[in-house]
Amino acid sequence: MYPANFDYQKAASVDAALQAMADNPDLKVIAGGHSLLPAMKLRLAQPPALLDIFNLEELKGIKEDGDFYVVGAMTTHADVLRSQLPLFPEVAGWVGDPMVRNRGTIGGSLAHADPSADYPAAALATGAEFVIRGMGGERTVGADEMFLGMFESAVQHGELLTHIRIPRGISASVYEKYRHPASHYAIVGVAMARHADGQIRAAYTGAAEKAARLPKLEERLNAGQDAGTGLVEGADMLGDRFASAEFRAHLVDVLSDRAAKRLG
Amino acid sequence: MTGNESRTDKYFGQALKRKEDPRFITGTGNYTDDIVLPGMLHAAMVRSPYPHAKIGGINKESVTGMPGVVAVLTGQDIADAGIGSIPVGWLLPELKTPAHPAIALTEANHVGDIVAVVVAENRALAEDAASMLEVDYEPLPSVAFAGAAIAEGAPVVHDDVPGNVAFNWEIGDATAVQEGFNAAYKTVKLKLTNQRLIPNAIEPRASLAQFTPASGEYLLYTTSQNPHIHRLILAAFVMNIPEHKLRVISPDVGGGFGSKIFQYQEEVIMLLAARLMGRPVKWTARRSEAFVSDMQGRDHETETEMAVDKDGKMLAFRVNTLANLGAYQTLFAPAVPTYLYGTLCNGVYKLPAVHVKVQGVMTNTVPVDAYRGAGRPEATYAIERTVDAMAHALGEDPAEFRRKNFIQPEDFPYQTPVALVYDSGNYEPALDMALGMMKYPELRAEQERMKGSNKILGVSVISYVEACGLAPSALVGQLGAQAGQWESSLVRVYPTGKVELFTGSHSHGQGHETAFPQIAADELQIPIEDIDLVHGDTGRMPYGWGTYGSRSAAVGGSALKVALQKITAKAKKIAAHLLEASEEDVEHENGVFRIKGAPDQSKTFFDVALMAHLAHSLPDGMEPGLEATAFYDPKNFVYPFGTHMAVVEIDTDTGKVDLRNYGCVDDCGPLINPLIVEGQVHGGIAQGAGQALWEEGAYDEEGNLLAASYMEYTMPRADDLPMYQIDHTVTPSPHNPLGVKGIGESGTIASSAAVANAVLDALWHECGIEHLDMPYTAEKVWKAIRDSRAGMGQAADD
Ligand SMILES: Cc1cc2nc3c(=O)[nH]c(=O)nc-3n(C[C@H](O)[C@H](O)[C@H](O)COP(=O)(O)OP(=O)(O)OC[C@H]3O[C@@H](n4cnc5c(N)ncnc54)[C@H](O)[C@@H]3O)c2cc1C
């Protein structure tokens, strides 16, 4: 497990990091390293230079700001797990193991947009917002616009995800996960949250190219019906040796039903 | 537990904590990769990315100019150095063995086959250069599965193995079996796949070689279960080194499970590189290399058939197996699917006739050899799966069907129709104990209650016997082994009464450093703290054959016992001399030698040890010193047995199988250290359950390994497994001085069958499914349930 040679530097601030990236397009941001380093060790990724943002204090911790919690992108899974956030602590408990959770970050995971990561479902169900900064300034992207495809988020080359804004009015939430037996990533994860207006939002991850909302499920639940089946009918599912597309679609139904029952 | 209590020993039978553990759990062990020699270079392997390819040009210059790169070695360098093919250690009649060069010369035959080696100043440089070396491959047609490899027109792996068939082997009386089937009241037939497994010892393989030109001596540190076997093969067959000039040290080794028995390519390469470079050279496998270069396990395609009479008594058992050997045959490869498998297909039953036919097939996959249990888990799975199918067909309870077919206590020693003579056994007590411990009737009632819901229960009861303690040398010699299978021990007593034990057995997780001194402390009647075990170094130990096939206690322990008896016999003579008594009047009790009837007249072990070395006053003609060596060749295998029970809960909505309870009653004869025995059983069950539920060394049909990392290969985790309930019966082996059998593999031998049968018990009771192949992954189980329910629904609608 030896990565190819690379240079390494630590960022002094978000501004300095953005400047460094503008100066050197080869720079690759490293946060907790728990997605990037495994890829480098297998030499699937061979970035010539790393820019480490993990220790930036301005990107750590959870604050309250009006109707939102504001979570620094470099907040570790372990800190999320111990926090007062809605839904995310339960989801963080499903991420990897204690070592992964002590090092991996919420921002790293969400920027990475791994189709089998857990948080994207939570972000969609809570209606989180993403604060993204580049040399040109800051923009905020809604959850529904964040996950664009496999390993593709709205965070562009040269930009940093700095904060995640999560609504505070959520009264109940659940996450149901069917783990990949080997990797323990999500084969399917279904997240559900009841918002301040009483409406339920639901989303799934793991089963398709990217995490997505479950409109049919939301409609049924908000109409007081059962979750039912056929929730992702017609959608393109992933399929592999461990779970075919058909099985994944079935699991979305099963987990949605279980989540709905737990949510009450 | 029954039986062990009758022993009066002080240490034998005690659950002492393992002496070796403090160094392992505080990170102060000394593994091959920890060893650093002055001037050491590092090697990285260039491995074939193709299952089968002609090796065209290798452009050494593509990396030799890189800073820090010292050399590139290819198959040509191996050939030029006159290095021989790595030999097979067990020959069968008409076995076809393709050449196995240390570095492939003309053809790579599996993904991971070594095509070149880069030697550099450090590991990172070696890895970088290895990733950049230019190799021209011309991919050739390839084949991964045994069934496909013997089909007409299949790609040929080696030209000198036509049709890819390396051997055809059979055992038992085919005619007698046919007669059994002709007379049958009922027969069942199953098609079983015993999937490919990847061993995954926690310490990856490593080796480090040094050559001293002045003396012509080689030193090899390597991750080996049997350093003398490595020395013998390397010296005599591969490298042409005088055997006494090669010292092989196998220091702390982090697990083997069989995968560290074999002579590998890398050890040959390190020795050659060290000689050519004039500097020590080290290689340590990356985990991803381990996946494509550690010898793998199992991989059988099998058909079984059983016949019973109208009373449900077994008449005959027939087995037909295709064994996938992979791309080369390594040390024990031909023996594992034959003598270690076919001979065990009798199980614990009074079977009048058994016939087993095996075809060994070469494919473009990583070679298959002994993996924990080696042949016996395959045999247990074949027979126990079939026994359950028969119990279902007869409508009998699987426990009772087994019971009525058991070999009875008075039948031992028992000659089976497939060559083995079981030494001792008493199968019913283990069965009854297990049924009681697990509350079998309550489980069956619970199963009834859960029927039809979305959580269903499965319960299994399997009984196994295995043959271990390899082995009587003359017997295995007749069967094709190219080695002896005795074991040696040296006991060296120092003037201060402290003792070192030397054994040819090797501990790589088995706890020998604790268990062997337990045996010695009782025989010598001295504190266990005064005794240490030395192993794993051909420069220090007497000759020995190492550890595999659960042989350490039964064979190595017996050798130790005999050596210890020589020590105490001599010590007693010296004590008698010092006490001025005749030897017959001296007894060895409570740690002293004393005159019978005059207990105050005594000499301690220390007194005797000191005098043996001072030699100021010894019996007439006695040699000084207190040291003894014994070579012990066992009279037979030993035959541990027992009953294992698994309880699974299946979520019918998702197909997920949860191993809820597991209980077993094993009989390995007297327990030297129950804690160690328990540890062996725990690990063994995890490995067998791993096969039943999760592990699968999946290849595509061309031979690309699909499960090449822990992202794709499901290792069992602690939270996947329940707390086990473990107990024992004790039926000593009648033919070794300790009465011990073996326990290193029993857990694995029994548990894949136990867990598989539990899953199928659930599926049979719920929806009449007779068989599914391991591993029972969620989707497979979910689909089976859905399809059979749909079938039933349709049947009801019609
Ligand atoms: C053994 C193991 C098990 C795991 N199991 C799970 C699991 O069950 N579920 C799960 O969801 N995840 C799992 N993970 C992944 C883990 O959650 C990672 O920590 C996470 O996906 C990435 O976060 P990181 O901080 O480690 O990011 P890094 O690995 O450092 O970075 C990931 C990518 O995001 C980019 N990046 C990071 N931060 C930013 C930023 N602020 N702005 C812009 N780009 C950025 C990096 O350049 C890189 O491309 C597992 C990982 C391991 C090693």
Side-chain angles (χ1 to χ4, degrees), chain A residues 1-6 34-35 38-46 48 93-94 96-98 100 114 116-117 176-190 206-207 227 229 237-259 261, chain B residues 42 44 66-68 120 122-132 198 204 284-291 454 651-657 690 693-696 698-700 705-720 775-783 785-786:
Chain A
M1 295 295 186
Y2 274 70
N5 239 343
F6 58 88
H34 271 60
S35 289
M40 286 171 64
K41 286 180 169 184
L42 292 168
R43 298 190 177 220
L44 296 173
Q46 303 198 8
W94 283 98
D97 50 44
V100 174
D114 186 325
S116 37
E176 285 281 331
K177 177 176 182 178
Y178 192 87
R179 296 192 298 202
H180 187 291
S183 73
H184 278 193
Y185 276 81
I187 275 189
V188 177
V190 172
T229 57
M237 295 285 115
L238 297 172
D240 59 27
R241 219 156 45 77
F242 290 89
S244 66
E246 179 196 13
F247 187 50
R248 278 182 159 85
H250 168 73
L251 287 176
V252 172
D253 290 348
V254 172
L255 298 189
S256 295
D257 183 54
R258 288 179 184 178
K261 288 192 172 124
Chain B
H42 296 259
M66 288 172 65
N122 66 46
R123 174 93 194 250
L125 294 172
E127 295 280 353
D128 277 351
S131 75
M132 279 180 236
I198 299 177
T284 302
R286 288 178 280 118
R287 179 59 67 186
S288 28
E289 277 186 286
F291 272 94
N454 64 351
D651 178 336
T652 58
D653 293 335
T654 63
K656 186 165 188 298
V657 179
L693 297 180
W694 304 292
E695 297 182 46
E696 185 173 24
Y699 286 90
D700 70 12
L705 183 61
L706 303 173
S709 80
Y710 293 134
M711 297 294 280
E712 298 283 331
Y713 189 86
T714 311
M715 289 292 282
R717 304 179 196 218
D719 66 347
D720 291 324
Y776 303 106
T777 52
E779 179 165 11
K780 191 188 284 181
V781 171
W782 171 71
K783 279 206 164 122
I785 295 171
R786 183 196 59 179

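Residue numbers begin at 1 in each chain, while the letters A, B, ... track the order of the sequences.
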Quick one: pull up CZ in B:Arg786 and CZ in A:Phe247 and give me the separation to the nearest 0.5 Å.
10.0 Å

Do you know which two heavy atoms are closest between B:Thr654 and A:Tyr178, and how far apart they sit?
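Here B:Thr654 and A:Tyr178 meet closest at CB-CE1, 4.0 Å.
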
Shortest non-hydrogen pair, A:Ala182 vs B:Thr714, comes out as CB-OG1, 3.4 Å

Please flag which part of [X] lies under 4.5 Å from any non-hydrogen atom of chain A: side chain, backbone, both or neither.
X        : value
B:Thr777 : neither
B:Met715 : neither
B:Asp651 : side chain
B:Leu693 : neither
B:Ala44  : neither
B:Ser709 : neither
B:Ala707 : both

Within-4.5 Å side-chain heavy-atom neighbours: B:Asp128 and A:Arg43:
yes

Does A:Arg241 reach the side chain of B:Glu712, with side-chain heavy atoms less than 4.5 Å apart?
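Answer yes - side chains close enough.
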
The criterion is salt bridge (charged side-chain N to carboxylate O under 4.0 Å, His left out); which residues satisfy it with B:Arg717, sequence neighbours excluded?
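Here no residue qualifies.
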
What part of [X] gets within 4.5 angstrom of chain B, counting heavy atoms only: side chain, backbone, both, or neither?
X        : result
A:His184 : both
A:Asp253 : neither
A:Arg179 : side chain

With sequence neighbours excluded, what pairs up with B:Asp720 under the side-chain hydrogen bond (donor to acceptor under 3.5 Å, both in side chains) test?
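Listed in chain order: nothing, the list is empty.
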
Partner chain A: residue of B:Met711, B:Glu695, B:Lys780 with the largest heavy-atom pair count (under 4.5 Å)
B:Met711

I would like to know whether A:Leu42 and B:Arg286 meet side-chain contact (heavy atoms from CB on, under 4.5 Å); could you show each step before the answer?
CA-CA 10 Å; A:Leu42 292 168; B:Arg286 288 178 280 118; over 6 Å; no

Quick check on the interface: out of A:Ser244, A:Ala4, A:Ala243, who has the most heavy-atom pairs with chain B under 4.5 Å?
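Winner by heavy-atom pair count: A:Ser244.
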
Pair B:Lys783 + A:Glu246: basic N to acidic O under 4.0 Å:
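Yes, charged N to carboxylate O under 4.0 Å.
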
